Asker: 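One structure is given below, represented as structure tokens, and several questions about it will come after.
These figures come from a predicted structure and were not determined experimentally. Side chains included, hydrogens not; waters and symmetry mates left out as well; all remaining heavy atoms used. Lettering follows sequence order; numbering is per chain, from 1.
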Amino acid sequence: MATTTLHHFPSKTITSPTTITQFPENPKTLILQQCKTTKDLNQVHAHLIKTRLHLNPRFTENLLESAAILIPNTTMDYALSIFRNINEPDPSAYNVMIRAFTLKKSPQEALILYQKMHENSVQPDPFTFPCTLKACSRLRALREGEQIHAQIVKSGFGSKVNNTLIHMYANCGKIEFACKVFDGTSKSDVFAWNSMLSGYVRSECWGEVLKLFDEMRDMGVGFDEVTLISVLTSCGRLANIELGEWIHEYVETNGLKGSVNLVTSIVDMYAKCGYVDKARRLFEEMDRRDVVAWSAMISGYSQARKCKEVLDVFRDMQMAKVEPNEVTLVSVLSCCAVLGALETGKWVHFYVKKKRMELTVTLGTVLMDFYAKCGLMESAIEVFNKMPFKNVFSWTVLIQGLANNGQGKRALEFYALMREKSIEPNDVTFIGVLSACSHAGLVDEGREFFVSMSRDFGIDPRTEHYGCMVDILGRAGLIEEAYQFIKNMPIQPNAVIWRTLLASCRAHENVEIGEESLKNLVQLEPMHSGDYILVSNIYASVGRLEDAMKVMNQMREKGIKKTPGCSLIELDGEIYEFFAEDSVSPHSKEVYNAAEKMIKKIKSAGYMPNAADARLDAEGDDKEASVAHHSEKLAIALGLIKTRPGTTIRISKNLRVCSDCHNATKIISKVFSREIVVRDRNRFHHFKDGSCSCNDYW
DNA sequence: TTAGGGTTAG
């Protein structure tokens, strides 16, 4: 197995040029390799000039290599000054410079130099091509890559660089060209197979990877660690646990468990196939874990939406003194977004700033998403403005975030800006755009976007897009039209579509279509308690209490249990959880008293409890008590007594907000002069001065 | 020469 060669420099330093009296046979290894800094090199350089040895290209090139590559953490300035002083640089001098530019992440300069070499009629040698092709790979410079390919063919040094060519084409997104090169390659070389496999991985052709691996085994080509890593990546993406497990066994029986890279790939494979616990066990068995191994475990939990575990492992990682990098933080932030864990996410943002980490597209986008999902749109926009590069993901997160936070019009303004900047929207962008229309009540604009999506961008609407249209029509009270829209859908409507329609029936008290929606829902997802409750609420709101009870009984007969409402509030970094009529929480007495006082105060400001939201089996005063003890009222009451006046109260809850709580919270925001942000299962409600950002439709 | 971990929606 090939490993990267590391240059270990002896610690002996060169004190003065006078100590160098005679150059040995190989000055590069004995003297130049001892140079640790540019200052050391300067001394050797001066000596070379003094003794006129600098006219000997062999010495000068060795000096050049030290200046360009061997001295750690240095710029190319010194090397360039040496290079410019060479009268007629030969191919190896060019090679050193091209290699150094590619290594030092200036592939553009590498290609310019290659061009110069060509202009000066210096013939490339077999060592010129690999590093030049690497530069093309980095830049995804297909045209230049193809030119170099042609030159390679002409030069007759072809077969040696086939693997680098495969890599270059795959990196430039031309997997079919990579295949052609591979077809003309000797199939006995594991490197060629590995290059092709990693090419497929880069192009996300997961199935092809497995096919090629099969072929490899059929042909009896031996495989190595690198092969298995590519195959494991594909197993994870395809959820091919059988092959994944086979490789795991192979690794165990062949004593390959010492390889951090390989075991990390197995951990990742298990997590991506949905076996996070298995991934965790293997992760625990590793005797050395680097930042990638930790990140694989963290992202495994993050993708499985096991957010508590993400934060636990992240804490363990810090205890183990392994520094997180961008990838780690992206997974952590994405789980803070899911949890609405504002404090932890803010801490990560602070860490990013403290470590002066670059605000890349991915990191910036996930930070924006985190702030948006915590209801802090201004912070999300601040991050957006600071990002030097933005892609369609960043714009989509912004549009979606604004839409979910009740700023539909602003979301559409950003969509217009995005188009001005010629960023092509994708299918998810349109989910954001359509939900913005829905929140802003813009029916005609919504219809227009729905058409534009396929007409102007060739995006076929998916169920989610149809769902958005149903929401737009339903919210505007066009229930019959929404119903017809579903009937005419070219794809089968799913439960979410019918549920969206049902929610609009609840808001507009449409019994008939509500009943029809439930009929369909019962067939698609018979065990979903929320649907029965919505229909029961519709009956109750039009005074048909008996029918309301009947639906609830039907639900009970089927053995369906109500999902208990649960609200969370984070106070001083601690999370408090409330359930309706919760009497077990340690704060219950204090909280109930606070809730009582709160209700009294808002009643005198005009709040009327809405009995339609109470438990149907409750009577009279009990009905009132039942709604008064909904989990979000308890959480808000705790927030009111535990935070300073004027502080924003942030609640997240697992269900939709009920209309009584919605009404009560509006009045609370006015009476107590507090901004209250409630994140429910679908959207945000920003309550301020007696009104809500959702405009009373949710 | 080839290799492991990441972002939007549902």
Side-chain angles (χ1 to χ4, degrees), chain A residues 1-4 126-127 129-131 133-134 137 159-168 170 185 189-199 201-202 223-233 236 259-269 271-272 279 283 289-300 302-303 324-335 337 360-370 372-373 390-401 403-404 425-435 462-465 467-468 494-497 682:
Chain A
M1 218 152 293
T3 51
T4 322
F127 299 103
F129 299 120
C131 44
L133 285 173
K134 261 194 191 153
S137 285
S159 64
K160 290 214 166 108
V161 283
N162 273 349
N163 301 333
T164 322
L165 268 172
I166 294 171
H167 184 249
M168 183 275 294
T185 303
D189 175 13
V190 69
F191 285 106
W193 292 84
N194 286 350
S195 302
M196 196 58 228
L197 286 169
S198 74
V201 168
R202 239 168 264 273
F223 50 81
D224 64 8
E225 184 182 352
V226 181
T227 322
L228 294 181
I229 288 172
S230 291
V231 178
L232 282 165
T233 307
S259 159
V260 180
N261 293 4
L262 188 51
V263 179
T264 301
S265 293
I266 305 176
V267 168
D268 178 57
M269 177 276 297
K272 288 220 167 63
F283 175 77
R289 305 180 193 107
D290 61 8
V291 60
V292 182
W294 283 98
S295 305
M297 195 61 246
I298 288 175
S299 87
S302 176
Q303 281 159 26
N325 65 12
E326 187 190 338
V327 180
T328 329
L329 299 183
V330 165
S331 292
V332 173
L333 279 169
S334 124
C335 119
T360 60
V361 179
T362 316
L363 184 58
T365 302
V366 76
L367 250 177
M368 284 170 60
D369 186 48
F370 153 72
K373 291 216 169 90
K390 298 147 181 126
N391 64 8
V392 62
F393 277 49
S394 335
W395 286 92
T396 302
V397 165
L398 181 64
I399 292 167
Q400 187 78 50
N404 281 339
N426 67 17
D427 52 342
V428 186
T429 316
F430 275 103
I431 294 175
V433 168
L434 291 172
S435 65
R462 286 186 286 118
T463 314
E464 289 81 359
H465 300 100
C468 288
N494 65 5
V496 178
I497 299 263
N682 292 329

Asker: Checking Phe129(A) now: which residues fulfil ring pair (Phe, Tyr, Trp, His ring centres under 6.0 Å) with it, not counting sequence neighbours?
Answerer: none
Asker: Going by side chain to side chain donor-acceptor pair (under 3.5 Å), name the residues that satisfy it together with Thr328(A), two or more places apart in sequence or in a different chain.
Answerer: Ser295(A), Asn325(A)
Asker: Going through the distances and angles, do Asn162(A) and Thr185(A) end up as a side-chain hydrogen bond (donor to acceptor under 3.5 Å, both in side chains)?
Answerer: CA-CA 7 Å; Asn162(A) 273 349; Thr185(A) 303; 3.3 Å; yes
Asker: Excluding sequence neighbours, so at least two apart, what forms side chain to side chain donor-acceptor pair (under 3.5 Å) with Thr396(A)?
Answerer: Thr429(A)
Asker: Looking at every strand, decide which applies to Val260(A) at a 4.0 Å heavy-atom threshold: base, sugar-phosphate, or nothing.
Answerer: base
Asker: Need one value for Val291(A): base, sugar-phosphate or nothing, where a base atom within 4.0 Å counts as base even if backbone is also close, heavy atoms only.
Answerer: base
Asker: With a 3.5 Å cut-off and just heavy-atom distances, do the side chain of Thr264(A) and the base of dG4(B) make a donor-acceptor pair?
Answerer: yes
Asker: Please state how far atom CG in Leu197(A) lies from atom C1' in dT2(B), giving the value in whole angstrom units.
Answerer: 9 Å
Asker: Can you name the atoms? Protein N/O to nucleotides 6-10 of chain B N/O, anything below 3.5 Å, with the distance.
Answerer:
unit_1: dG6(B); atom_1: OP1; unit_2: Lys272(A); atom_2: NZ; d: 2.8
unit_1: dG6(B); atom_1: OP1; unit_2: Gln303(A); atom_2: NE2; d: 2.9
unit_1: dG6(B); atom_1: N2; unit_2: Glu326(A); atom_2: OE2; d: 2.3
unit_1: dA9(B); atom_1: OP1; unit_2: Lys373(A); atom_2: NZ; d: 2.9
unit_1: dG10(B); atom_1: O4'; unit_2: Glu464(A); atom_2: OE2; d: 3.4

Asker: Please name all residues satisfying side chain to side chain donor-acceptor pair (under 3.5 Å) with Glu464(A), sequence neighbours left out, ordered by chain then number.
Answerer: Arg462(A)
Asker: dG4(B) P sits how many Å from Asp224(A) CG, rounded?
Answerer: 13 Å
Asker: Can you name the side-chain contact (heavy atoms from CB on, under 4.5 Å) partners of Phe223(A), sequence neighbours left out?
Answerer: Phe213(A), Met216(A), Arg217(A), Thr227(A), Leu228(A), Trp246(A), Tyr250(A)
